[in-house]
Structure formats: structure tokens, C-alpha cells
Amino acid sequence: MNESVLIAKAERFLDNIKHNRIIAEEISDFETFRDTYNYLQDNLDELQDLRDTMEIKGYKAPYRSLIRYGGTHSTEMKAEDMYDVGRHTQYFRMRAAAKKNILDRVKSSIASHKIAIGHLEEYAVLTCSSCSKKFKGHEISLMRETCECGSKDFNFNINDNGVYRLNIIKYLPLSGEYMLRMSDLSPMGREAFRNIVRIIKHEKRGIVKTLSLVVKVFEDGKWVRKRVNIDAKDEMNYEREIRKKYGSNARIEFMQIHRKKPAIINDKHVQTALSIAYVKIAEHNARKIFDEVLNGLISNREKLDRYYEAFDESEKRAHRIAEDVGDVEDLRDEFLHQILKKENLNSENGSLDEELQGDIETHNCLEQKLFVEMPKILILWDIIRYYLLTSYDRRSKYSGPFPNLRPSLDTNQMKAFEDFDKFTVDILGRCIKENICYIPNIKSVVSRKFEIENKMKGLHVQMNTPASGAAILHTHGKLSIEDAASVFSVEPADVKGEVEKFKTFGKPQTTKAKKFLEMVKK
């Protein structure tokens, strides 16, 4: 396919996605779910085909072709020839930029579609009306249109144990327009966006991926140096491997180690899309409750409203008459001082009314809590719940609502899970009805989950995953059994059973096993 045709085809497809807006939170029946899910899945298949075609055609490194045109020109070259070369170089540079931009948009769209599909899979439980087989999570993608029994009729239910937020789907850059979505963020939204990206980019300590070696080998009666690349493996004796391949006389003269540092979510487009979506949904929620919460914290709402009206009026006047951008702030402050003085809200020396000053500080603090802290807490809480509700195998094989999420984290990555702000958590639970609790030392909760998974390796122990997550919240999150059970919508009795099961890990359970251990000790 011609390059310009391929780019035009991709742009048309992305524009169609942009105009077909999805309001996923209105899904309440099987038909709507099926149509939405299939639409997103079909889009994803087409986008992945476009990406593969573009990568085959060299869109990943489009500027390489410019090397032949970007060299230094001969001093003997005529001026008109130099002009032609420069014009051609500019043309190829524009084509290269178009290739890079369209591939970037396609990859962003792919990431957003994976996130949306992951949230839908977490949201629904589909039960075949014929054979009563249930589908949820990644199993939904295997089903698509019909059950194994051939039936096309399904009962639709909401998954109480799922980690999903269908209302973030409309904020995802599904058509790849992530740059436009980022530019629309408010100043506080941009701060929250940077905070989230910084957290989910937290890298694992470097793991050795490959080694580059210079090896001295005796061949044909003389010493020869060879450059060798080796894929790193656990507990590998590199010197022995080299001698096995090149003979006992081979010597390593130089070795360079190449490390990989995977992030918590190891894809920049997924990081960006998730950050935008969580910032926007938190901002939407914050705007709905801001006035209600603020009224319960301040002393005089009338004074505060008048202050912000005066501030806006002063800023507009300053912009109208300022000759230089640097003068706007000084002029605004001067106009503001004059207005507040007339309203008896300001003294001669410029100090604000004490009551008003306190309310302004409260207002600014609340903005920080709701517009900056809230999105960070929401995404971290969802990631923590997803870790607690899923097994290592499931996280390794299936993307879920957080594509490219690391199946387990090291101690360095655990540092990203800072304790939540207690005031903001209280507002989330009280005003937005989020099922969230304040958990001190939340890192220990996530760490304990990975410890249990490591102990379970090789043991044929049946786990009730949601109940085990609640049990960890109880034992290491210091929540009561009832509160921990409500977070994961399980019965307190099941949580108690998992707590008891944790105590027996590594201990013999049967009489034969106990006798065997006694014999070994003797």
C-alpha cells in the first residue's frame, strides 16, 4: 500500500472513532454490552493491523531515510543544486514526521482500546441461558458471539469483585488524540497528571538483559578478537559458555552489561491514557462536590465569593490595559487591592481580612486535595485492589484494566505506594460513595500479597482470591474483618477461613506429613 494512502486510511479510521462517542456507564443489559464490547474489539483488531503494517514499512524509524540527504554539501556544488537538495530534504523530513505522528496516534489508540476492553471485562458476568456456564474477565474475549453449547442468549450481571470504572472510557483518547486531551487539562489537572505518570513509571531495579563481550580466540594459528552478544540467564556462567562455543583457549577481554528497568506499567501510551482518564474523572467528581465540602469548612461564603469575583474582574482589566505580559500580575494586584478596600475586605497596608484569609487558604487546600490528590488515590487504590483480587498467573497472561502492568513488584517499585491522604479518603467515602478505607502503611499490604504468592508456588492450595485479598487487608491493613470483607464484597466467614489458611502455609497438615517431618528431623 502506498505510504500516503496508508496514512490517509489510518487518519480516516481514527476520525471515525473520534465521532463515535461511547457512554459506557449506561450499559445495563447484555445487548448493549455485547455491541460496545464488539465495537471496541473490532477497532482494536483493525488498529493492530495498521500498526503492524506501518512498522513493517519502517514507520518506527522514519528519519533513517534522511541520512543520505542530510550530509555535508560539496563546496563545488552550485547554489541552485544546494537549494534543490535542501528542498528535497525538507520534503522527506515532512513525510517522516507524518509517519511518526500517525504511528504514535495508532499506538495511543491501541492502548486506550485495551484499557476500555479491560474495564468492560472486569465489569460484566455473562451467564449462558442454556448451559448456565459463566464468562467473566478474559473469558469474555474467548466467547465473543456464542457459548460453547451454541447458544447466543446470555444473562447479564455486574461483577461485584471486578476492578472497573466505566465512566473513564469516555475520557480515554480512543482516537489517539492524547496530545489534545493533555492540552485541555487545567493547571491542577496537569499537576495531577504528572504525579500519576511519575508513580506508574516507577522502575524496577535494573535486571541484566544482555551482555556485549569482546572475546579473544585462537584461530588458524593466530589470536582473533570477536564481538559477541549473549542473552542473560539466571545463574549463568558466562566464561564457561564462551569456552564451550569458542574452545578452551577463549578469553574474555571486555564485558558490557545491558540492563532493563521495567516500570510498574511498562508502556508509555498506557501510562498517558490512564493518567488522562483518571485525572478527568476525578476532576468531574471534584466539581460536583466541591461547593458542598467547602461550605462545611469555611466561615463566610459570601466574603469568599466576593473575593474571587474581584480577582477575576481585576485580571480581566489588567489584561486589557497591560502593554507587557510581565505587567499583568502587578496591575491585577493593584486593581484587586482597590476593590477589596472599597468592600472593607482589605486594610491600607494590603493585608486581607483575617476571616477571609483563612477561608482562602482552606479553599486552596481543598482544591489541592480534590483535584491533585484524588486522582492519584483513585488509580493507586484500583491498582492495589487489582493486585489483591488476582493471581500472579492471571496478571502475567491477561492485560485486564491496566495493560502492561507488572505481575509483581520489587521493593524499589513498592515506594510508589505512599499512604493515602486521610482527609481525601474520607471525602471519597462520604461524598462520592467510593468503597475505600484509609490503610496505614499500605506498602505492607501489597508486599504481603507477593509474599503469599511466592509461598504458594508449587503448593496445590485452593485459594478464594477475593477473600484472600480481604484477609490481607485485615491482617496487614489493620481493617476489621467486616470492613475488609465489604471492600471486596465477600462474606466475613470466607475472610476468616483465608486468615486461618495463611497461618498454615509451610506447615504439615496431615498426620502422615507430620510423621515424615519427625523422621527427617531424627
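When a residue number appears, it is its place in the shown sequence, counting from 1. The shown structure was predicted, so the numbers you read here are calculated from the model rather than taken from an experiment.
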Visitor: Please answer whether the main-chain N or O of Ser129 pairs with a side-chain N or O of Asn155 as donor and acceptor at a distance below 3.5 Å.
Guide: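 Pair absent, no side-chain N/O of Asn155 close to backbone of Ser129.
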
Visitor: Dump the intermediate steps for side-chain contact (heavy atoms from CB on, under 4.5 Å) on Leu50 and Ile102, then the final yes or no.
Guide: CA-CA 10 Å; Leu50 283 170; Ile102 194 64; over 6 Å; no

Visitor: To the nearest 0.5 Å, how far apart are CG in Leu103 and OG1 in Thr53?
Guide: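 Reported value, rounded in 0.5 Å steps: 11.0 Å.
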
Visitor: For the residue pair Glu498 and Asn464, establish whether any side-chain heavy-atom pair is separated by less than 4.5 Å.
Guide: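 Yes, at least one pair of side-chain atoms sits under 4.5 Å.
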
Visitor: Decide yes or no on side-chain contact (heavy atoms from CB on, under 4.5 Å) for Ile27 and Leu120, but give the supporting numbers first.
Guide: CA-CA 10 Å; Ile27 293 174; Leu120 285 174; 3.7 Å; yes

Visitor: Should Arg385 and Phe488 count as side-chain neighbours, where that means a heavy-atom distance under 4.5 Å?
Guide: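 In contact.
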
Visitor: Has the side chain of Asp419 got a donor or acceptor atom that lies under 3.5 Å from a matching backbone atom of Ile442?
Guide: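 The answer is yes, because a donor-acceptor pair under 3.5 Å joins these two groups.
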
Visitor: More than 12 foreign heavy atoms under 6.0 Å from CD of Gln357: is that the case here?
Guide: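 Atom CD in Gln357 is packed in, count exceeds 12.
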
Visitor: If you take all heavy atoms of Leu389 and Thr465, which pair is closest and at what distance?
Guide: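 Minimum heavy-atom contact is O-CG2, 3.0 Å.
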
Visitor: Can you check whether Leu126 reaches Phe156 side chain to side chain, under 4.5 Å on heavy atoms?
Guide: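 Leu126 reaches Phe156 side chain to side chain.
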
Visitor: Okay, side chain of Asn266, backbone of Ala263: is any donor-acceptor separation there less than 3.5 Å?
Guide: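 Answer holds: yes.
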
Visitor: Check Arg34 with Glu31, please: is the shortest side-chain N to carboxylate O separation under 4.0 Å?
Guide: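 A salt bridge is absent here (no side-chain N lies under 4.0 Å from a carboxylate O).
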
Visitor: Taking CD in Glu367 as the centre, count heavy atoms belonging to other residues, nucleotides or ligands within less than 6.0 Å. Is the count above 12?
Guide: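 Result for CD/Glu367: enclosed.
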
Visitor: Apply the test ring-ring contact (aromatic ring centres under 6.0 Å, His included) to residues Phe290 and His363: give CA-CA distance (whole Å), side-chain angles for both, the deciding distance (0.1 Å), then the verdict.
Guide: CA-CA 9 Å; Phe290 188 84; His363 177 278; 5.3 Å; yes

Visitor: How many angstroms lie between CD1 in Ile158 and NZ in Lys136, if you round to the nearest 0.5 Å?
Guide: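 If I round to the nearest 0.5 Å, the distance is 14.0 Å.
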
Visitor: Which residue pairs satisfy the salt bridge (Lys or Arg N to Asp or Glu O under 4.0 Å) criterion with at least one member in residues 472-486, sequence neighbours excluded?
Guide: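 Residue pairs passing salt bridge (Lys or Arg N to Asp or Glu O under 4.0 Å), neighbours aside: none found.
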
Visitor: Do the side chains of Phe154 and Phe33 get nearer than 4.5 Å, heavy atoms only?
Guide: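 Not in contact.
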
Visitor: For the CD atom on Glu418, are there more than 12 heavy atoms of other groups (residues, nucleotides or ligands in this structure) within a distance under 6.0 Å?
Guide: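 No, CD of Glu418 has 12 or fewer neighbouring heavy atoms, counting only those of other groups under 6.0 Å.
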
Visitor: Do the side chains of Phe13 and Val106 get nearer than 4.5 Å, heavy atoms only?
Guide: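 Val106 vs Phe13: side chains apart.
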
Visitor: Which distance, rounded to the nearest 0.5 Å, do you find between the NE2 of His113 and the OG of Ser175?
Guide: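 Spacing of NE2 (His113) from OG (Ser175) equals 9.0 Å.
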
Visitor: If you compare all heavy atoms of Ala471 against all heavy atoms of Val499, which two are closest, and at what distance to 0.1 Å?
Guide: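 Minimum heavy-atom contact is CB-CG2, 3.7 Å.
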
Visitor: Can a donor-acceptor pair be found, under 3.5 Å and without considering hydrogens, that links the side chain of Glu26 to the backbone of Thr32?
Guide: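 No: the side chain of Glu26 does not pair with the backbone of Thr32.
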
Visitor: Heavy atoms, side chains only, cut-off 4.5 Å: are Phe254 and Ser212 in contact?
Guide: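 Phe254 vs Ser212: side chains apart.
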
Visitor: Measure the spacing between CE of Met374 and CD of Gln368 and express it to the nearest 0.5 Å.
Guide: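 So the CE of Met374 and the CD of Gln368 are separated by 12.5 Å.
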
Visitor: Can you check whether Ser109 reaches Arg105 side chain to side chain, under 4.5 Å on heavy atoms?
Guide: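 A side-chain contact under 4.5 Å is absent here.
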
Visitor: Quick check: does any side chain N or O of Tyr246 sit under 3.5 Å from a backbone N or O of Lys226, one acting as donor and the other as acceptor?
Guide: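 Not confirmed, Tyr246 side chain does not pair with Lys226 backbone.
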
Visitor: Are side-chain N/O atoms of Glu283 and Ser186 paired as donor and acceptor at under 3.5 Å?
Guide: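 The answer is yes; a qualifying pair exists.
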
Visitor: Identify every side-chain donor-acceptor pair in residues 425-439 under 3.5 Å, counting partners at least two apart or on other chains, and give the distances.
Guide:
residue: Asp426; atom: OD2; partner: Arg430; partner atom: NE; Å: 3.4
residue: Asp426; atom: OD2; partner: Arg430; partner atom: NH2; Å: 3.3
residue: Lys433; atom: NZ; partner: Arg430; partner atom: O; Å: 3.1
residue: Glu434; atom: OE1; partner: Arg165; partner atom: NH2; Å: 3.1
residue: Glu434; atom: OE2; partner: Arg165; partner atom: NH1; Å: 2.7
residue: Asn435; atom: ND2; partner: Ser486; partner atom: O; Å: 2.8

Visitor: What are the two closest heavy atoms between Lys134 and Glu139, and how far apart are they?
Guide: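 Nearest heavy atoms, Lys134 then Glu139: O-OE1, 3.6 Å.
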
Visitor: Could you tell me whether Glu491 atom CD has more than 12 heavy atoms of other residues or ligands within 6.0 Å of it?
Guide: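 At most 12 heavy atoms, drawn from other residues, nucleotides or ligands, come within 6.0 Å of this atom.
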
Visitor: Can you give me the closest heavy-atom contact between His119 and Leu166, atom names plus distance?
Guide: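 What the structure gives for the nearest pair is O-CD2, 3.9 Å.
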
Visitor: How would you list, by chain and number, every residue that makes a side chain to side chain contact (heavy atoms under 4.5 Å, CB included) with Ala116, sequence neighbours excluded?
Guide: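 Result, side chain to side chain contact (heavy atoms under 4.5 Å, CB included) vs Ala116: Leu40, Ile169, Leu172, Leu174.
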
Visitor: Quick one: does NZ or CZ of Lys443 land under 6.0 Å from the six-membered ring centre of Phe417, within 45 degrees of the ring axis?
Guide: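 Output no; distance or angle outside limits.
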
Visitor: Taking it one step at a time, do Met414 and Val446 satisfy side-chain contact (heavy atoms from CB on, under 4.5 Å)?
Guide: CA-CA 8 Å; Met414 292 289 189; Val446 186; 4.0 Å; yes

Visitor: Within a 6.0 Å radius of atom NZ on Lys170, are there more than 12 heavy atoms belonging to other residues, nucleotides or ligands?
Guide: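 Yes, because the 6.0 Å sphere around NZ of Lys170 holds more than 12 heavy atoms from other groups.
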
Visitor: How close do Thr390 and Lys449 get, heavy atom to heavy atom, and via which atoms?
Guide: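 For Thr390 versus Lys449, the nearest heavy atoms are O-NZ, 3.1 Å.
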
Visitor: Applying salt bridge (charged side-chain N to carboxylate O under 4.0 Å, His left out), can you list everything that pairs with Asp421, at least two apart in sequence or on another chain?
Guide: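 Only Lys369 meet the salt bridge (charged side-chain N to carboxylate O under 4.0 Å, His left out) criterion with Asp421.
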
Visitor: Calculate, to the nearest 0.5 Å, the distance between atoms CG and CE belonging to Asp184 and Met179 respectively.
Guide: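 Result: 12.0 Å between the selected atoms.
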
Visitor: Quick one, Trp381 with Val163, criterion side-chain contact (heavy atoms from CB on, under 4.5 Å). Give me CA distance, side-chain angles, the key distance, then yes/no.
Guide: CA-CA 10 Å; Trp381 177 244; Val163 179; over 6 Å; no

Visitor: As a quick check of understanding, evaluate side-chain hydrogen bond (donor to acceptor under 3.5 Å, both in side chains) for Asp104 and His269, giving each step before the final call.
Guide: CA-CA 9 Å; Asp104 201 44; His269 291 293; 3.2 Å; yes

Visitor: Can you give me the closest heavy-atom contact between Ala250 and Val215, atom names plus distance?
Guide: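 Smallest interatomic distance, heavy atoms only, reads CB-CG1, 4.1 Å.
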
Visitor: What residues, two or more places apart in sequence or in another chain, satisfy salt bridge (charged side-chain N to carboxylate O under 4.0 Å, His left out) together with Asp291?
Guide: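 Here the qualifying residues are Arg301.
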
Visitor: If you measure only the distance, is there a donor-acceptor pair under 3.5 Å linking the side chains of Glu121 and Tyr164?
Guide: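 Glu121 vs Tyr164: no donor-acceptor pair found between side chains.
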
Visitor: Are Val490 and Asn161 close enough that some pair of their side-chain heavy atoms sits under 4.5 Å apart?
Guide: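 A side-chain contact under 4.5 Å exists here.
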
Visitor: Output yes when a side-chain donor or acceptor of Arg395 lies under 3.5 Å from a complementary backbone atom of Tyr387, and no otherwise.
Guide: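 Yes, because the side chain of Arg395 sits within donor-acceptor range (under 3.5 Å) of the backbone of Tyr387.
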
Visitor: Should the pair Lys18-Glu177 be classified as a salt bridge under the 4.0 Å nitrogen-to-oxygen rule?
Guide: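 Judged by the 4.0 Å cut-off on N to carboxylate O distance, Lys18 and Glu177 do not form a salt bridge.
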
Visitor: When the side chains of residues 273-280 are checked against the rest of the protein, which donor-acceptor pairs come out under 3.5 Å, sequence neighbours left out?
Guide:
residue: Ser275; atom: OG; partner: Gln271; partner atom: O; Å: 2.7
residue: Tyr278; atom: OH; partner: Asp382; partner atom: OD2; Å: 2.6

